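Notes to accompany the following structure.
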Amino acid sequence: MITNISIVSVFVKDVDESKKFYTDVLGFEEKDDITLGEGYRWCTVVHPSQPELQVHLAVPGPPLAPELVDAIRRSQDQGGMNGVGLNVDDCQKTYEELLAKGVEFLQPPSQRPYGTEALCRDNSGNWLVLVQPSEYTPADFA
């Protein structure tokens with residue numbers, strides 16, 4: 001039986017720079033940083049409050065087809081890659097702290113039926129959604 005999600009991959013442009021962003025800016029911790037055969041690098045970070053979920057920082061490359069790698073890189077350059085959703089306890093405060101650290105925001109904190117949400121990018125162009133969740137029902141979306 002499947003018991004949980006343990007790893008999610010995020011395509012990044014540079015593993016070292018992304019590891020710094022996720023650890024120094026977002027507060028994640030390094031889990032693994034291993035170079036395997038043929039120079040393949042396995043680098044993961046975890047959030048201290050959820051160490052069982054690893055975020056794999058992956059540079060697009062083989063075994064992906066070259067055309068797909070090119071498409072991913074173009075999307076990164078355009079800032080259009082999906083990233084991860086991050087729960088926060090105070091969206092406004094987190095927004096202000098990350099803004100002061102130079103994080104690029106696409107949307108300041110805004111009220112939504114499910115909570116307060118802000119949208120930013122990591123240093124590889126991936127969208128990061130910050131959500132301060134609140135209670136809701138399907139009727140709240142009508």
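None of these values were measured; they are calculated from a predicted model. Keep in mind that the numbers below use all heavy atoms, side chains included, and drop hydrogens, waters and symmetry copies.
- Of the candidates Val84, Val10, Asn82, Leu128 forms a side-chain contact (heavy atoms from CB on, under 4.5 Å) with just one, namely Val84.
- In terms of modelled atom types and a separation under 3.5 Å, the side chain of Gln76 and the main chain of Phe11 share a donor-acceptor contact.
- Side chain to side chain, Thr116 and Gln111 meet the donor-acceptor criterion of an N or O pair below 3.5 Å.
- Heavy-atom minimum distance, Tyr95 versus Pro109: CG-CD, 3.4 Å.
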Under the side-chain contact (heavy atoms from CB on, under 4.5 Å) criterion, do Lys19 and Leu57 qualify, and how do the steps go? CA-CA 7 Å; Lys19 183 169 67 168; Leu57 305 174; 4.1 Å; yes
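- More than 12 heavy atoms of other residues, nucleotides or ligands sit less than 6.0 Å from atom CD1 of Ile34.
- Although no hydrogens or angles enter the test, the distance criterion places a donor-acceptor pair under 3.5 Å between the side chain of Lys101 and the main chain of Val25.
- Annotation for Lys93: atom NZ does not count as buried by contact number, only 12 or fewer foreign heavy atoms lying within 6.0 Å.
- Contact record, Gln132 with Cys91: OE1-N, 2.8 Å, taken as the closest heavy-atom pair.
- Scanning all heavy atoms of the two residues, the minimum distance from Val131 to Pro133 falls at O-CD, 3.1 Å.
- Between Phe141 and Tyr114, the angle of the ring planes stays under 30°, which puts this pair in the parallel group of the 30/60° scheme.
- In terms of heavy-atom proximity, Val45 sits nearest to Glu30 at CG1-CA, 4.2 Å.
- Contact annotation: the side chain of Asn126 never approaches that of Arg121 to less than 4.5 Å [non-hydrogen atoms, C-beta and beyond].
- Salt bridge annotation for Asp14-Lys20: absent, with no cationic side-chain nitrogen under 4.0 angstrom from a carboxylate oxygen.
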Check against side-chain contact (heavy atoms from CB on, under 4.5 Å), Leu26 and Phe21: CA-CA 7 Å; Leu26 298 182; Phe21 180 87; 3.6 Å; yes
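- Relative ring orientation between His56 and Tyr40 is described as tilted, the plane-to-plane angle lying within the 30° to 60° band.
- Residues Lys13 and Asp77 are paired through a salt bridge, judged by an N-O separation under 4.0 Å between the basic side chain and the carboxylate.
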Give the C-alpha distance, both sets of side-chain angles, the deciding distance and a yes or no for side-chain contact (heavy atoms from CB on, under 4.5 Å) between Asp122 and Glu17. CA-CA 10 Å; Asp122 71 9; Glu17 290 301 313; over 6 Å; no
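- Phe28 and Val15 end up in the same hydrophobic cluster when Ile, Leu, Val, Met, Phe, Trp and Tyr side chains are linked at under 4.5 Å.
- Shortest non-hydrogen contact noted between Leu53 and Ile5 is CD1-O, 3.6 Å.
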Check step by step if side-chain contact (heavy atoms from CB on, under 4.5 Å) holds for Thr44 and Val55. CA-CA 5 Å; Thr44 61; Val55 178; over 6 Å; no
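- Annotation: side chain of Leu106 is in contact with side chain of Trp127 (closest heavy-atom distance under 4.5 Å).
- For the residue pair Ala118 and Phe105, the shortest heavy atom distance occurs at CB-CE2, 3.9 Å.
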